[in-house]
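To keep things clear, I will list the structure first and then write my remarks on it.
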There are 2 protein chains.
Amino acid sequence: MIKTELFNQQDQELALMAKALAHPARIAILDFLAQSSCCISGDISNEIPLSRTTVSQHLTELKKMGFIQGTVEGVKINYCLDNEKLKEIKLAFEQFFEKLLSKPNPTCEV
Amino acid sequence: MIKTELFNQQDQELALMAKALAHPARIAILDFLAQSSCCISGDISNEIPLSRTTVSQHLTELKKMGFIQGTVEGVKINYCLDNEKLKEIKLAFEQFFEKLLSKPNPTCEV
DNA sequence: GTTTTATGACGCAAACATACGACATTATTG
DNA sequence: CAATAATGTCGTATGTTTGCGTCATAAAAC
């Protein structure tokens, strides 16, 4: 019943990136990682009003799409933004919107 | 079980915009509307490999988030991009990514 | 005024996402 | 090596999205 494979590769990828941002918790996590000058581990869970388990899942999701990286440091894990990848993602969105806006508004009125 | 209301307004709004883009069909619809020099009605269904009903739902979703407008013209409906609103959305994403990238990559290595 | 055409609304089933507690794992601490 | 701490994984409940067929509606064509 899922039909995403019917669409072209580029559309699918942009949709996946958008999906990764499609939850306020994940936006908040990215915000928090950007603000903490160095990358923090499970302190993220304390900043997000969700259970540790749920936050862990959101982190996994963000990692899967390349927004963040995790570095094991003993028992702890340091998560941080992947700035290079973020630049790519930013560019993908920008180019998409540029494409949409490259034509003047059509005359929709009858 | 839904906990979005626990997050701040801005995060919620960005998440909703991202959600609207989180399906390849909706990306494809926006692409198509951008390419057709004037706005087209149900021809969109013919361009998207999904049933007319499903496309209609995706259109409703895009309209709800302000990406597109629909103008009734007799039996037909002309859909078109809302360029003004698109500019706002584009800006919101840009500012979000700027914020994330405003700090140098933290030193994640041990 | 009946038929056709273009659409949206409704309802349902299958797939996915979200949220969480309980368990497993692994590194440190004592 | 036992206890503790920091995490991830699994299973499960519930909520949401996707996709579609059928029906309703309303303009246009006959």
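Quick note on labels: first sequence line is chain A, next is B, and so on, each numbered from 1.
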**Request:** Under 4.0 Å between any heavy atoms, over every strand shown, what does B/K19 touch: base, sugar-phosphate, or nothing? Just pick one.
**Result:**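 Touches sugar-phosphate only.
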
**Asked** Do B/S56 side-chain atoms and B/R52 backbone N/O form a donor-acceptor pair below 3.5 Å?
**Response** no

**Request:** Check whether any side-chain N or O of A/Q12 sits under 3.5 Å from a backbone N or O of A/F7 as a donor-acceptor pair, and report yes or no.
**Result:** yes

**Shortest non-hydrogen contact from A/L62 toward A/A20** = CD2-O, 4.0 Å

Quick one: which protein N/O atoms are closer than 3.5 Å to N/O atoms of nucleotides 24-30 of chain D? Pair and distance per line, please.
none

**Request:** Report the nucleotide, chosen from C/dG11, D/dC10, D/dG8, that has the shortest atom-to-atom distance to any side-chain atom of A/I77.
**Result:**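 That would be D/dG8.
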
**Message:** Closest-nucleotide mapping onto DNA chain D: is B/H23 or A/T53 further toward the 5' terminus? I mean the 5' end.
**Reply:** A/T53

**Prompt:** Toward the 5' end of DNA chain C, which comes first, B/D43 or A/Q57, by nearest nucleotide?
**Reply:**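 Result: B/D43.
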
**Message:** Taking 4.0 Å as the cut-off, does a side-chain nitrogen or oxygen of A/S56 come that near to OP1 or OP2 on D/dG8?
**Reply:**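 For D/dG8, OP1 or OP2 has a side-chain N or O of A/S56 closer than 4.0 Å.
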
List, one per line, each side-chain donor-acceptor pair under 3.5 Å for residues 91-101 of chain B, sequence neighbours excluded.
unit_1, atom_1, unit_2, atom_2, d
B/E94, OE2, B/K90, NZ, 3.0
B/E98, OE2, A/K90, NZ, 3.0
B/K99, NZ, A/D31, OD1, 3.1

**Message:** So, using side chain to side chain contact (heavy atoms under 4.5 Å, CB included) as the criterion, who are the partners of B/D43 when residues are at least two apart?
**Reply:**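 Applying side chain to side chain contact (heavy atoms under 4.5 Å, CB included) to B/D43 gives B/I40, B/S41, B/N46.
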
**Message:** Less than 3.5 Å apart, any donor N or O on the side chain of A/S51 or A/T54 sitting next to an acceptor on the other?
**Reply:** yes

